There are 2 protein chains.
Amino acid sequence: MKAAPPLWNRPSGPKRTRIQTRNRQAILEAGLDVFSAQGFRGATLDEIAAAARLSKPNLLYYFPSKEAIHTALLTQLLDTWLDPLRELDPEGDPVEELLTYVRRKLELSRDYPRESRLFANEILQGAPRISDAIEGDLHRLVAEKAHVLQRWMDTGRIARVHPVHLIFSIWALTQHYADFDMQVSAVLGDGEDPYPEAGVYLDTLFRKLLAP
Amino acid sequence: MKAAPPLWNRPSGPKRTRIQTRNRQAILEAGLDVFSAQGFRGATLDEIAAAARLSKPNLLYYFPSKEAIHTALLTQLLDTWLDPLRELDPEGDPVEELLTYVRRKLELSRDYPRESRLFANEILQGAPRISDAIEGDLHRLVAEKAHVLQRWMDTGRIARVHPVHLIFSIWALTQHYADFDMQVSAVLGDGEDPYPEAGVYLDTLFRKLLAP
DNA sequence: GCTTGATTTGACCAGTTGGTCAAAGCGAGG
DNA sequence: CCTCGCTTTGACCAACTGGTCAAATCAAGC
């Protein structure tokens, strides 16, 4: 008789059954598809439910609201997205460290374009749901790494440019291939994968820019 | 007694009264605000009407549908957006021509960020409403200008890189400052205008890249 | 100040939206 | 094979969506 409280409102710890793990995963996967293609307001629960092969009320048994799905995706994403920057090693060879970062970021665009677009959509619309993380974690991480870059410049190991704009340019150039994929494909009469050429181009670009 | 047919369905030519010009302008302005901030599906007629200080039925007296406003904005925009590329002069000094293009494109980002975001939103979502223009005019223009770049490279006047990816990189780097404005401001503890530094940075970057 | 067409609007509509709820189905441990 | 809590769902709701319509208001030339 007594109805079970919704999953997300249960007082007990996060001990998940197999079904829960599977369904939560399916919902996040479906949400990624829909949110990245339509933006937050453009996405509908019905669409997400259909993509996850669940009924709409069933969706809301696993997540309390549309916004909760979106937030779960974004916070989970931000970590993965910043990992390559975190791994920039102050002790490594400056140019190679930066080129590795560029390469890894380009691989993220190639392998996880939906994640990139989800993020782009959110930032485009003023990042109302992750402005805290942007102004907090992200700001700190960039400040820290900019400091590393500054030291490399001061010791003459890479050319002297504005360190934060250098980071911006890496983001812009790599994310462009995921976020503007439609445009990239249409302009390069498609059929061919743009990523190999992009890799070569970016390697050249940053080598020339950073050469002391 | 006889009701006037809606403005957009009138058989006569486009002779517009002062009121028509004013209101159409107000609607496009409001539409730009809302579409660029919310995307097509996320924008609502009520919001646009409120921003234009018109009633919703009044909106639909000047435009037949939500989509018509969006399309009007996009087609009008695409031309302005490509102008700087059109002006790239095959007879000019290669490096200066390209740096001028970069500079003008960065000015567009600074002065028309809403237009940039409107475009970004549309491309992000697969450009369902302007894929024709992208695959047609844009593709042709880029092919033509890539040919110019190729000649400059063949005659040793700029360094040899993939010409289309060179154009992509200019787009990516300049539009980033408009489209990801929120992120840029948050990362550079804001308060200061990022554009002057960005101009210097991009100038350096492309000078080094293009130096033969 | 009257007429005629341009402009504006309140009331309305059918379809969609995010979200709720009580009841029904299900499966693993006893 | 039976219970009991986990899972699923059909029916429903109020708010909102893009869009329509007939009637009311306005404004400029006569």
Side-chain angles (χ1 to χ4, degrees), chain A residues 1-27 30-31 34-35 37-73 128-129, chain B residues 1-27 30-31 34-35 37-73 128-129:
Chain A
M1 279 304 147
K2 184 164 45 86
L7 224 196
W8 41 268
N9 201 17
R10 221 75 60 80
S12 51
K15 43 174 178 178
R16 297 201 179 123
T17 71
R18 259 154 298 145
I19 294 184
Q20 283 170 38
T21 326
R22 181 190 7 112
N23 283 350
R24 277 186 62 97
Q25 199 47 46
I27 292 169
V34 178
F35 281 128
Q38 312 275 12
F40 181 76
R41 290 191 58 171
T44 73
L45 283 181
D46 293 277
E47 222 174 330
I48 299 174
R53 295 163 175 271
L54 295 173
S55 66
K56 187 167 54 167
N58 206 173
L59 264 204
L60 296 162
Y61 172 73
Y62 290 99
F63 287 89
S65 68
K66 179 182 170 183
E67 188 151 353
I69 305 176
H70 193 249
T71 305
L73 278 169
R129 277 164 280 274
Chain B
M1 278 307 148
K2 184 164 45 86
L7 224 195
W8 41 267
N9 200 19
R10 219 78 58 81
S12 52
K15 43 174 178 177
R16 298 203 178 122
T17 71
R18 261 153 299 149
I19 293 184
Q20 283 170 38
T21 326
R22 182 192 4 111
N23 282 350
R24 276 187 63 97
Q25 199 47 49
I27 292 168
V34 178
F35 282 128
Q38 311 275 11
F40 180 76
R41 290 191 59 170
T44 74
L45 284 181
D46 293 277
E47 221 174 332
I48 299 174
R53 296 164 174 270
L54 295 173
S55 65
K56 187 168 53 170
N58 206 172
L59 263 204
L60 296 162
Y61 173 73
Y62 291 99
F63 288 88
S65 68
K66 178 182 171 182
E67 188 151 354
I69 305 176
H70 193 249
T71 304
L73 279 168
R129 277 164 282 272

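Worth saying up front: this structure is predicted, and the values here are computed from it rather than measured. Every heavy atom of this structure was used, including side-chain atoms; hydrogens, water molecules and symmetry mates were not. Below, read A as the first sequence line, B as the second, and so on, with proteins coming before strands; counting in each chain starts at 1.
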Check whether any side-chain N or O of Y61(A) sits under 4.0 Å from OP1 or OP2 of dT7(D), and answer yes or no.
yes
Looking at side-chain heavy atoms only, is the closest gap between Q20(B) and Y61(B) below 4.5 Å?
no
Quick one, Q38(B) and T44(B) - any side-chain contact, counting heavy atoms below 4.5 Å?
no
Distance below 4.0 Å between N58(B) side-chain N/O and dG10(C) OP1 or OP2
no
If I take atom CG from residue N23(A) and atom CG from residue L54(A), how far apart are they, to the nearest 0.5 angstrom?
5.0 Å
Shortest side-chain distance from Q20(A), nucleotide among dT7(D), dT9(C), dT17(D)
dT7(D)
How close or far is atom C1' of dT7(D) from atom CZ of R22(A), stated in whole angstroms?
10 Å
Side chains of K66(B) and F35(B): closer than 4.5 Å at any heavy-atom pair?
yes
Roughly how many Å is it from CD1 in I19(B) to C1' in dA28(D), rounded to a whole number?
10 Å
Closest to side chain of Y62(B), choosing from dT8(D), dG19(D), dT8(C):
dT8(C)
Which whole-number value in Å describes the distance from F63(B) CZ to dT20(D) P?
15 Å
Residue D46(A), side-chain atoms from C-beta onward, closest of dG19(D), dT9(C), dG18(C)
dG18(C)
Contact class for A43(B) (heavy atom, under 4.0 Å): base, sugar-phosphate, or nothing?
sugar-phosphate
Specify the separation, in whole Å, of atom CZ of F40(B) and atom C1' of dG18(D).
10 Å
Could you tell me how far apart Q38(A) (CD) and dT16(C) (P) are, to the nearest whole angstrom?
15 Å
Between dC21(D) (C1') and L59(B) (CG): distance, integer Å
16 Å
Find the distance R41(B):CZ to dT17(C):P and express it as a whole number of Å.
7 Å
Tell whether K56(A) reaches the base of dG18(C) with its side chain through a donor-acceptor pair below 3.5 angstrom.
yes
Can you measure from CD1 (I69(B)) to CZ (F40(B)) and round to the nearest 0.5 angstrom?
9.0 Å
S55(B) has its side chain closest, among dG19(D), dT9(C), dG18(D), to dT9(C)
Looking at the side chain of N23(A), which of dG19(C), dT8(D), dT8(C) is the nearest nucleotide?
dT8(D)
Please pick, from dC6(D), dA6(C), dG19(D), the nucleotide with the shortest atom-to-atom distance to any side-chain atom of L45(B).
dG19(D)
Whole angstroms only, please: what is the NZ-P distance between K66(A) and dT17(C)?
9 Å
Between dG19(D), dG10(C), dT8(D), spot the one nearest the side chain of P57(B), thanks.
dG10(C)
